[in-house]
Amino acid sequence: MALGLISDIHGNRVALEAVVSDGVAAGVDRWWVLGDVVAIGPEPVATLEMVCNLADVVITAGNTERYVLTKDRPPPLREDAIAQPELFDVLVEVEASFSWTRGALAACGWLGAISDWPLEVRSTLPDGTRVLGVHAAPGRDDGPGITPHREEADLAAALAGSHADVVFAGHTHQPTDRVVGGMRAVNLGSVSNPIVDDLRASYVVLHSDRQGHLVEHRRVAYDRGAFLRTIAASGHPATDYIASFQHGDQIRYPAERPGAPVM
């Protein structure tokens, strides 16, 4: 069997379609979607419709689902803007972004479906390997998450008690494949909104049978020009910010570095 694992789609249906097409060609017959599906992107409803119609799909919640459903927000918070007035415009744009997504989903009756998503998904592979899928870390939808550069002891502590042999996560948008504390820690990267210097969509295919399993990291090119046109036409209040990822303006790390998979 082949399990496709994706996360951090961020309302980018163009990239999602490319990843799903690549996964089907690679033999994927079921999917895990590990959070951050719709927010900070121009097509929340179309993306969600496609995700929910994937073959044998299980979806977990990410931190941006929480922001859409509740009054929780990422920094800067109100008190930050009071202390530093130059942050006020950012605060307003963040609020507008998540409110826009909530409104789009509410108008189409999708808020209830998102609220039912769990924080974790588990499975035992045919070879006996215990697999856990989360957005950031066991029991958490946010925090430092799995990255190539996180201190080994710190990451091992975050994964302790997970009762899994392999933990898959997203959240940090940094493809990672490490062994810490005897546990394999895999970050899928992101389908959209890249922060590494390879702007292609990143995801994982997990192949398994009774003889063993193989974690395959994959990158997929997609029509970023088409996506930029979708952003511009969407009416989203943070179009410049979303487009900045597609222009490479949000790059913070090289794609290939210790702890990152070679793809």
Side-chain angles (χ1 to χ4, degrees), residues 5-19 22 34-44 47 62-64 67 73-76 80 86-87 89-91 93-94 97-98 101 135-137 141-151 154-155 168-178 185-204 216-232 234 236-263:
L5 298 104
I6 57 179
S7 71
D8 300 275
I9 305 165
H10 290 295
N12 184 345
R13 176 152 179 157
V14 175
L16 177 62
E17 289 174 345
V19 166
D22 185 76
L34 303 183
D36 281 14
V37 175
V38 294
I40 323 180
E43 292 191 289
T47 300
N63 56 312
T64 61
Y67 300 150
R73 292 292 182 267
D80 300 324
E86 64 271 20
L87 295 176
D89 288 346
V90 179
L91 175 71
E93 184 172 281
V94 167
S97 177
F98 289 108
T101 301
H135 181 63
D141 65 14
D142 62 5
I146 296 173
T147 68
H149 58 264
R150 189 172 179 183
E151 290 291 337
D154 189 34
L155 180 54
F168 291 99
H171 183 56
T172 68
H173 295 215
Q174 297 182 62
T176 308
D177 202 331
R178 302 173 55 183
V186 177
N187 194 295
L188 317 175
S190 67
V191 172
S192 191
N193 297 10
I195 64 169
V196 298
D197 61 6
D198 188 327
L199 301 184
R200 292 176 295 172
S202 174
Y203 81 110
V204 162
E216 180 186 6
H217 293 266
R218 297 177 71 92
R219 287 194 181 274
V220 183
Y222 61 93
D223 189 343
R224 295 206 308 277
F227 184 54
L228 284 166
R229 291 190 292 275
T230 299
I231 295 169
S234 68
H236 194 289
T239 54
D240 288 346
Y241 177 67
I242 297 168
S244 71
F245 288 94
Q246 301 301 314
H247 295 308
D249 296 338
Q250 299 293 336
I251 291 172
R252 302 172 208 169
Y253 308 100
E256 294 185 10
R257 59 203 191 280
V262 177
M263 289 184 277

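All values below were derived from every heavy atom in this structure, side-chain atoms included, with hydrogens, water molecules and symmetry-related copies excluded.
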Visitor: On a heavy-atom basis, which atom in Ser190 and which in Ser192 lie closest, and how many Å separate them?
Guide: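 The pair with the smallest heavy-atom distance is OG-O, 2.7 Å.
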
Visitor: Are the side chains of Leu228 and His247 in contact, using a 4.5 Å heavy-atom criterion?
Guide: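 They are in side-chain contact.
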
Visitor: Has the side chain of Arg178 got a donor or acceptor atom that lies under 3.5 Å from a matching backbone atom of Arg150?
Guide: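 Such a contact is found between Arg178 side chain and Arg150 backbone.
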
Visitor: What closest approach, in Å, do Ala136 and Asp141 show between heavy atoms, and which atom pair accounts for it?
Guide: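 Minimum heavy-atom contact is CB-C, 3.6 Å.
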
Visitor: Check whether more than 12 heavy atoms from other residues, nucleotides or ligands sit under 6.0 Å from atom CD of Glu151, and answer yes or no.
Guide: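 At most 12 heavy atoms, drawn from other residues, nucleotides or ligands, come within 6.0 Å of this atom.
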
Visitor: For the CG atom of Leu5 and the CD atom of Glu216, what is their distance to the nearest 0.5 Å?
Guide: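 Leu5 CG to Glu216 CD: 11.5 Å, rounded to 0.5 Å.
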
Visitor: Under the side chain to side chain contact (heavy atoms under 4.5 Å, CB included) test, which residues partner Ala39, sequence neighbours left out?
Guide: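 With sequence neighbours excluded, Ala39 shows a side chain to side chain contact (heavy atoms under 4.5 Å, CB included) to Thr64, Val68, Phe98, Thr101, given in chain and number order.
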
Visitor: The criterion is side chain to side chain donor-acceptor pair (under 3.5 Å); which residues satisfy it with Asn193, sequence neighbours excluded?
Guide: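 Side chain to side chain donor-acceptor pair (under 3.5 Å) list for Asn193, sorted by chain: empty.
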
Visitor: Before you tell me yes or no, could you show the steps for Leu188 and Asp8 under side chain to side chain contact (heavy atoms under 4.5 Å, CB included), namely the whole-Å CA-CA distance, both residues' side-chain angles and the distance that decides it to 0.1 Å?
Guide: CA-CA 9 Å; Leu188 317 175; Asp8 300 275; over 6 Å; no

Visitor: Which is it for Ile9 and Val38 under the side chain to side chain contact (heavy atoms under 4.5 Å, CB included) test, yes or no, and what are the steps along the way?
Guide: CA-CA 7 Å; Ile9 305 165; Val38 294; over 6 Å; no

Visitor: Ignoring hydrogens, what is the shortest heavy-atom contact between Thr176 and His217? Give both atom names and the distance.
Guide: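 In terms of heavy atoms, the two residues are closest at O-CE1, 3.6 Å.
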
Visitor: Assess whether side chain to side chain contact (heavy atoms under 4.5 Å, CB included) is satisfied between Ile146 and Thr172, documenting all intermediate values.
Guide: CA-CA 7 Å; Ile146 296 173; Thr172 68; 5.6 Å; no

Visitor: To the nearest 0.5 Å, tell me how far His236 NE2 sits from Tyr241 OH.
Guide: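 Reported to 0.5 Å precision, the distance equals 10.5 Å.
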
Visitor: Provide the closest heavy-atom pair for Ser7 versus Gly189 in the form atom of the first, atom of the second, distance.
Guide: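 That would be OG-O, 3.4 Å.
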
Visitor: Atom NE2 in His173, atom CG in Asp36: separation rounded to 0.5 Å?
Guide: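 CG of Asp36 is found 6.0 Å from NE2 of His173.
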
Visitor: Anything under 3.5 Å between a donor and an acceptor, one on a side chain of residues 250-263, the other on a protein residue two or more places apart or in another chain? List them.
Guide:
| from | atom 1 | to | atom 2 | distance (Å) |
| --- | --- | --- | --- | --- |
| Gln250 | NE2 | Ser244 | OG | 2.9 |
| Arg257 | NH1 | Pro254 | O | 2.5 |
| Arg257 | NH2 | Gln174 | OE1 | 2.3 |

Visitor: Checking the side chain of Ser234 only, and the main-chain atoms of Ile231 only, is there a donor and an acceptor separated by less than 3.5 Å?
Guide: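 Yes; at least one donor-acceptor contact below 3.5 Å.
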
Visitor: For Tyr222 and Ala201, work out which heavy atoms get closest and say how close.
Guide: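 The pair with the smallest heavy-atom distance is CE2-N, 3.9 Å.
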
Visitor: Looking at NE2 of His10 and OG1 of Thr47, how far apart are the two atoms once the value is rounded to the nearest 0.5 Å?
Guide: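 Interatomic distance, His10 NE2 to Thr47 OG1, rounded to 0.5 Å: 11.0 Å.
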
Visitor: Taking atom CG of Asp240 and atom CD of Glu93, what is their separation to the nearest 0.5 Å?
Guide: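 It is 7.5 Å, given to the nearest 0.5 Å.
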
Visitor: Taking all heavy atoms of Asp223 and all of Ala226, pick out the closest pair and write down the distance.
Guide: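 Residues Asp223 and Ala226, closest heavy atoms: OD1-N, 2.9 Å.
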
Visitor: CG/Asn12 to CD1/Ile242 distance, rounded to the nearest 0.5 angstrom?
Guide: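 Here the interatomic distance stands at 9.5 Å.
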
Visitor: Which is it for Leu199 and Phe245 under the side chain to side chain contact (heavy atoms under 4.5 Å, CB included) test, yes or no, and what are the steps along the way?
Guide: CA-CA 8 Å; Leu199 301 184; Phe245 288 94; over 6 Å; no

